[in-house]
Amino acid sequence: MSIQQTEQSKPSSAGPGAASRSGQRLNAERIITLIILAALIVVPVAAYYGDARYWVDLATRLVILSIAATGLNFILGYGGMISFGHAAFIGLGAYAVGIPVFHSINDGFPLIASNNGFLHFVLAMAVCAVFALLTGAISLRTRSVHFIMITMAFGQMTYFAIVSIEKYGGDDGLTIDLRSEWPLITFDHPLVLYGFCLASLFVVMYLVHRMVNSRFGMVLQGAKQNEERLRALGINVYNYQLTAYVISGIICGYAGALLGNFTTFISPEMMDWTRSGELMFMVILGGVSFLFGPLIGAAVFLLLEESLSRFTIHWHLPFGVLLILSVLFIRGGLSGLLQKLGGARDR
Amino acid sequence: MTADAMAPILRIENLCKSFGGVTATDAVGLEVLPGETHAIIGPNGAGKTTLISQLSGLLMPDSGHVYFKQCDITRLAAHKRAHAGLARSFQITSVFMQMSVLDNVALSVQARAGHSFHFWTPARTIRKLREPAMEKLEKVGLQDRAGDITSSLSHGERRQLEVAMALASEPDLLLLDEPMAGVGTEESARMVDMFKSLHGMTMLLVEHDMDAVFALADRISVLVYGRVIATGTPDEIRSNQDVVRAYLGEET
Ligand SMILES: Nc1ncnc2c1ncn2[C@@H]1O[C@H](COP(=O)(O)OP(=O)(O)OP(=O)(O)O)[C@@H](O)[C@H]1O
Ligand SMILES: [Mg+2]
């Protein structure tokens, strides 16, 4: 129960046993959380000054993917909505940086032609909100496999739409020649960019934590567990799920804008369904509906990907097998596993 | 009493519903008066649950009408009916298994309290949700399990929770689908007392436990093969030859 305790909270009016139990398990949770936080702060800084840029880049990618995975976990883990098209939001967020920069360098589209970071990020989130509202409004009329298929279809639709726009490189992708510009800070410094991403991750995690435990969050989790009962209680489930879907899309769009700034090269390939699948794997691997699950899942995912790809170019196969095995056999994902270990150690 | 007070709170007219070849609701007509406990009895498969589901909006009838507080709610969405003051309990326990027992009831209170587009305040710290929820748990005798996860409850306890959630909706009409099913005799007697203590609550009670029915009901309707074959006071029903032949007879 260690990590989940943050979600399950500590109801003051809970049974007498609950308080002491959470006290016991708080240690394991605290320790794991602190280790993760310390590593996220110390490792990239040390790596940067130790001339190991590779680790800074890896950490930046990890943090950005964790933001996106946290966004997906909000609806998948807590809300039970298995979206297979979330890479589209990341892609749209990235193009919301790429296209304004493209126009600020080459002429045209004066309305958005700009290097301003505020414009880029607001645009990324706005575009994703609208896209999520439109596609969610349709997708959420369906359930189970149909929902998975239709979200995937919308994702692929976006992929092909971007491929077809020759102006922005189509299939070949688009190089972002200038990063988003901000007052006081510059994304051109790897540590600044990383710090910005890390702060963003913490803010997003905190926001998700608040939302999950709020009245809205109770409805969201209720809809995953028993939709019919919620309706009988007087709750219009659809409206809440759609709102959550939009919030999730906005978070992924934000992550996409960061990713564009990090890679400085974007292509429709970012939106491919396999990318959506990877994001889902991170969430499930880390442990669905744990606040730290996506971060843990993304970390393990990236480390596996990096290490396996060194041994063999055919790394996708063992990688896939590992992922499927872990999803099948570690119930509650890695967070659930940590909890069990933490709980056992406590006793 | 004014004429209005005696107008039925629920009126069912000529309601029909079939599943393929099975006619589960066959031209049902029924009235529930304000303040009364109206029981529906009938053999297995008579269409009792199907009727309740059409009243709560989880199933749509093929034809006929349902009026609640003089408004036609036949086609109204389930969640709107709940807001209008209809609450139900489920024969097959339908709760939120991964939440705590208190969370379940608090969610019911929350649904009653208005919309849930509140993203910031932790729901578990809101006293105006937790306190009424705890009160309802005390009513059904489940207060000691409040902090436990719902999936750890026994079958009987889940039935109690089911009723607590329906009560927490503070409805004008409570639809109860076999609340005592699978509950031990002691708990069952306790629930009968609890329902008796809900003075003024209007209830439509589906129940197989005849002791409970005769202890609680002001009027009884008998449903057989989707049809209402009789409606009357408990004494009238007990002495009705059709009912004894179709239902009560086979019980004894
Ligand atoms: N969703 C459904 N699809 C098909 N047939 C159904 C469905 N629901 C109920 N039925 C059929 O309708 C009839 C009435 O079922 P219902 O569950 O309403 O009976 P009941 O009176 O509640 O029975 P019980 O006392 O066993 O709870 C039965 O013949 C049942 O098989
Ligand atoms: Mg039934």
Side-chain angles (χ1 to χ4, degrees), chain A residues 1 4-22 74 77-80 206-244 246-247 250 288-289 332, chain B residues 53 56-58 77-90 94-104 106-127 129-131 133-134 143-150 162 165-166 168-169 175:
Chain A
M1 278 294 279
Q4 199 168 30
Q5 208 64 48
T6 45
E7 301 319 313
Q8 294 287 314
S9 166
K10 299 107 193 166
S12 49
S13 40
S20 61
R21 236 179 297 135
S22 74
F74 184 57
Y78 296 104
Y206 182 66
L207 289 178
V208 166
H209 170 75
R210 290 300 297 220
M211 288 193 290
V212 160
N213 288 297
S214 71
R215 277 166 277 184
F216 180 85
M218 299 309 283
V219 170
L220 181 66
Q221 295 179 71
K224 177 188 178 181
Q225 295 173 33
N226 190 343
E227 197 180 321
E228 186 179 68
R229 183 62 191 232
L230 266 193
R231 280 194 278 137
L233 289 181
I235 288 173
N236 186 355
V237 176
Y238 178 83
N239 290 349
Y240 293 91
Q241 289 188 322
L242 184 56
T243 306
V246 170
I247 292 171
I250 291 174
V288 141
S289 65
Chain B
S53 290
S56 65
L58 295 178
H79 66 94
K80 289 187 183 152
R81 293 181 203 215
H83 281 299
L86 261 173
R88 78 172 282 185
S89 77
F90 288 79
S94 176
V95 293
F96 306 102
M97 286 294 177
Q98 275 83 258
M99 292 184 188
S100 80
V101 174
L102 187 58
D103 284 347
N104 268 266
L107 189 48
S108 181
V109 178
Q110 178 185 325
R112 170 74 184 170
H115 71 79
S116 295
F117 287 101
H118 299 281
F119 299 85
W120 201 249
T121 317
R124 294 184 182 90
T125 63
I126 300 173
R127 294 178 63 183
L129 302 182
R130 305 306 269 190
E131 278 169 5
M134 200 62 200
Q143 68 277 14
D144 293 340
R145 307 289 320 252
D148 296 330
I149 188 155
T150 302
E162 184 70 47
M165 287 172 74
S169 297
L175 308 169

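For the numbers below, each heavy atom of this structure counts, side chains included, while hydrogens, waters and symmetry mates do not.
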Strictly distance-based, threshold 3.5 Å: is any side-chain N or O of A:Asn226 a donor or acceptor partner for the main-chain N or O of B:Val95? yes

Which portion of A:Tyr238 sits near chain B, non-hydrogen atoms under 4.5 angstrom: neither

Which heavy atom of A:Gly222 sits nearest to which heavy atom of B:Leu107, and what is that distance? CA-CD2, 4.5 Å

For a quick test of reading the model, state the closest non-hydrogen atom pair linking A:Gly234 to B:Ala82 and the distance between them. CA-CB, 3.2 Å

Rounded to the nearest 0.5 Å, how far apart are CH2 of B:Trp120 and CG of A:Leu207? 5.5 Å

Under the ring pair (Phe, Tyr, Trp, His ring centres under 6.0 Å) rule, collect the residues that match up with B:His118, sequence neighbours excluded. B:His115

So salt bridge (charged side-chain N to carboxylate O under 4.0 Å, His left out) across residues 217-242 of chain A, not counting sequence neighbours, yields A:Arg143-A:Glu227, A:Arg229-B:Glu162

Do you know which of B:Ala84, B:Ser94, B:Ala78 has the most heavy-atom pairs under 4.5 Å to chain A? B:Ser94

Please classify the contact between A:Ile247 and chain B as side chain, backbone, both or neither, with a heavy-atom cut-off of under 4.5 Å. side chain

How long is the gap from CD on A:Gln221 to CE on B:Met99, to the nearest 0.5 Å? 5.5 Å

Name the orientation class of the two ring planes belonging to B:Phe117 and A:Tyr240 (parallel below 30°, tilted from 30 to 60°, perpendicular beyond 60°). parallel

Atom pair OG (B:Ser108) and CD1 (A:Ile235), whose distance is rounded to the nearest 0.5 Å: 8.5 Å

Closest non-hydrogen contact found for A:Arg215 with B:Gln110 is O-NE2, 2.9 Å

What part of B:Ser169 gets closer than 4.5 Å to chain A, counting heavy atoms only: side chain, backbone, both or neither? side chain

Rounding to 0.5 Å, atoms CG (A:Leu233) and OG (B:Ser56) come to a distance of 11.0 Å

